[in-house]
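Below, all heavy atoms of this structure are taken into account, side chains as well, without hydrogens, waters or symmetry copies. Letters go in sequence order (proteins before strands), and every chain restarts at 1.
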Amino acid sequence: MNMVFNKLYMEALITGTDAELMLRVKEGDESSFVGLLLRYRKPLVNYLYRMVQNAGVAEELAQDVFLRVYRARHTYEPTAKFTTWLYRIATHVALNHLRDGRIARKSDSLDEPENATARILSNGELSAEERLVANDREREIRDAIRALPEKQKAAVLLHKYQELDYKQIADALDCTESAVKSLLFRAYETLRVRLAHLVGPRLAGEGRTK
Amino acid sequence: MKCHEMENYAIAYLDEKLSSREQAAVQQHLERCGACASRLKSFSEISNMLSEWEDIQPSNAFHVQLDRKILESAPNNWWQRYWSQIMPLSAPGPVFASLAVSFFLIAVLVMRYTPSTEDIFTGQQAQLSNIANTAGVDELALYENLSLLEDWEVVSNFEVLQEMKR
Ligand SMILES: [Zn+2]
């Protein structure tokens, strides 16, 4: 069967809320697990990528997260939102990796600018000069986020890129909603100092926002 | 509202997640406080700037690698299934291997240093008759004391038995 058709067919077939899919996985329906994978593979890889700042490591960690979800299927209870549970596991996995690999981290970051360059080069809307500037800006943003304390970093990423609400972030990070707001406030306070020089007039084509 | 209270309201204000009453209170403070106003302005600029960090695409090998990990972790033959049932936490390969090796070593040690049942029995008899002789009591009564038979360690270290072996 054609791969693309197969994928579309699967996506159309796999309907229901995350919790419904997970309950079907619990009952032994493996195609529902594929459904969850299709939904969360990309956001999860990107969350972990921004946490550890290495694409290869992020993929491996994302696989570990899915493996844990799969192995925990028998004990799954739909009490908390599935996404919260998923990001809770992912945060745990990422923080463990960062704590284990403090020494190795420096070498991790070395092979990353290539990835970033490859991605930006593929953006045909930018001129050569704009590409270089965008590349520099992105590296500065990444460095500023990498330098944040771990919990602040996780809070910023879950809030900004994964678009979780305060309650979900609180559950994922094991703290109160008020603590989440305070983590975010302090993170943005640090980022605004570190990135102050990037704020201001920009080159055309850089006003890309979400 | 005071400046220090902004720590709890600033982000939610920018996200437009405050109640209309809170929203108005923050707004009122920002009109009077230049420092907080410029802080919130730069927060929102930073937030926009973070959007420049673009998503990556997971590689095509993602599912294949995950499949392999799931297969490797799944109990796929009868003894692994049995093992996972009797073990509350599944033991990873190295742990299982070291457990198996230490079990084997212990088994070898026990077999090497355990006297055969014949030794135990003769030792037992020797010991019993010895006790009986020195105490001058009925031998038969002592034979009924079977708990001594079980304690092969006492028996094997008994002097009489060691002399008999020579
Ligand atoms: Zn103020």
Side-chain angles (χ1 to χ4, degrees), chain A residues 33-34 37 41-46 49-50 55-56 58-60 62-64 66-67 70-71 115-116 119-120 123 134 137-138 140-142 144-145 156-157 159-161 165-166 177-178 180-189 191-196 198-200 202 206-210, chain B residues 3-19 22 26 35-76 80-81 84-85 87-90 92:
Chain A
F33 185 68
V34 177
L37 258 172
R41 183 183 63 154
K42 194 177 170 196
L44 198 60
V45 165
N46 275 286
Y49 166 61
R50 291 188 173 102
E59 287 217 350
E60 276 195 32
Q63 287 156 6
D64 289 349
F66 280 117
L67 181 62
Y70 184 75
R71 296 186 68 170
N115 283 357
R119 200 169 56 247
I120 287 163
N123 190 338
R137 284 174 67 93
E138 190 182 295
E140 290 205 53
I141 293 165
R142 285 155 32 129
I145 286 186
V156 167
L157 300 181
H159 176 251
K160 174 67 192 176
Y161 300 98
D165 62 33
Y166 308 126
E177 283 185 53
S178 155
V180 168
K181 288 174 190 164
S182 158
L183 282 170
L184 290 170
F185 184 91
R186 283 183 279 140
Y188 273 93
E189 190 64 31
L191 290 175
R192 105 180 159 118
V193 175
R194 291 227 172 90
L195 299 174
L198 298 183
V199 177
R202 294 178 192 173
E206 275 185 65
R208 303 167 275 141
T209 47
K210 239 175 161 162
Chain B
C3 290
H4 69 87
E5 290 176 85
M6 293 298 282
E7 181 163 338
N8 232 314
Y9 290 102
I11 299 293
Y13 173 80
L14 293 172
D15 288 343
E16 297 173 16
K17 293 282 165 60
L18 293 178
S19 68
E22 292 168 324
V26 172
C36 284
S38 90
R39 171 176 286 125
L40 259 70
K41 185 170 169 284
S42 60
F43 277 16
S44 110
E45 285 166 344
I46 293 298
S47 175
N48 287 335
M49 194 188 290
L50 295 188
S51 307
E52 291 173 32
W53 188 3
E54 286 173 32
D55 280 352
I56 58 168
Q57 285 295 333
S59 72
N60 293 330
F62 189 91
H63 288 264
V64 180
Q65 285 164 347
L66 178 60
D67 265 356
R68 207 195 54 225
K69 284 187 185 185
I70 287 176
L71 276 178
E72 277 170 7
S73 83
N76 44 16
Q80 280 175 321
R81 270 198 294 275
S84 67
Q85 270 171 14
M87 292 291 284
L89 294 167
S90 61

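- In this structure A/Asp64 satisfies the side chain to side chain contact (heavy atoms under 4.5 Å, CB included) test together with A/Leu61, B/Lys69, sequence neighbours excluded.
- In this structure, a donor-acceptor pair under 3.5 Å is absent between the side chains of B/Asp55 and A/Tyr49.
- Every residue two or more places apart in sequence or in another chain that forms a ring-ring contact (aromatic ring centres under 6.0 Å, His included) with A/Tyr188 is listed here: B/Phe43.
- Of all heavy-atom pairs spanning B/Leu50 and A/Tyr161, the tightest one is O-OH, 2.6 Å.
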In sequence, state the C-alpha distance, the side-chain angles, and the governing distance for B/Leu66 and A/Arg41, and then conclude on side chain to side chain contact (heavy atoms under 4.5 Å, CB included). CA-CA 11 Å; B/Leu66 178 60; A/Arg41 183 183 63 154; over 6 Å; no
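- The shortest heavy-atom contact between A/Tyr166 and B/Ala12 is OH-CA, 3.2 Å.
- With respect to the salt-bridge test (charged N to carboxylate O, under 4.0 angstrom), the residues B/Glu7 and A/Lys181 do not qualify.
- Between A/Glu189 and B/Arg39 there is a salt bridge, since a side-chain N of the basic residue sits under 4.0 Å from a carboxylate O of the acidic one.
- With a 4.5 angstrom heavy-atom cutoff, A/Glu60 touches chain B via backbone and side-chain atoms both.
- The distance from atom CD of B/Glu52 to atom CZ of A/Arg142, rounded to the nearest 0.5 Å, is 13.0 Å.
- The minimum heavy-atom distance linking B/Met49 with A/Arg137 is given by the pair CG-NH2, 3.8 Å.
- Contact of the A/Val180 side chain with the B/Ile11 side chain is not registered, since no non-hydrogen atoms from C-beta on lie closer than 4.5 Å.
- For the atom pair A/Ser178 OG and B/Asn8 CG, the distance stands at 4.0 Å (nearest 0.5 Å).
- Both the backbone and the side chain of A/Arg50 come within less than 4.5 Å of a heavy atom of chain B.
- Neither the backbone nor the side chain of A/Ala196 comes within less than 4.5 Å of any heavy atom of chain B.
- Counting heavy atoms from C-beta on, the side chains of A/Ile145 and B/Trp53 come closer than 4.5 Å.
- In this structure the side chain of B/Ser73 reaches within 4.5 angstrom of the side chain of A/Leu67, judged on heavy atoms.
- A donor-acceptor contact shorter than 3.5 Å links the side chain of A/Asn46 to the backbone of B/Ile56.
- Chain A forms the most heavy-atom pairs under 4.5 Å with one residue out of B/Pro58, B/Ser47, B/Ser42, B/Ala10, and that residue is B/Pro58.
- What you find for A/Lys160 and B/Asn48 is that their closest heavy atoms are NZ-N, 4.4 Å.
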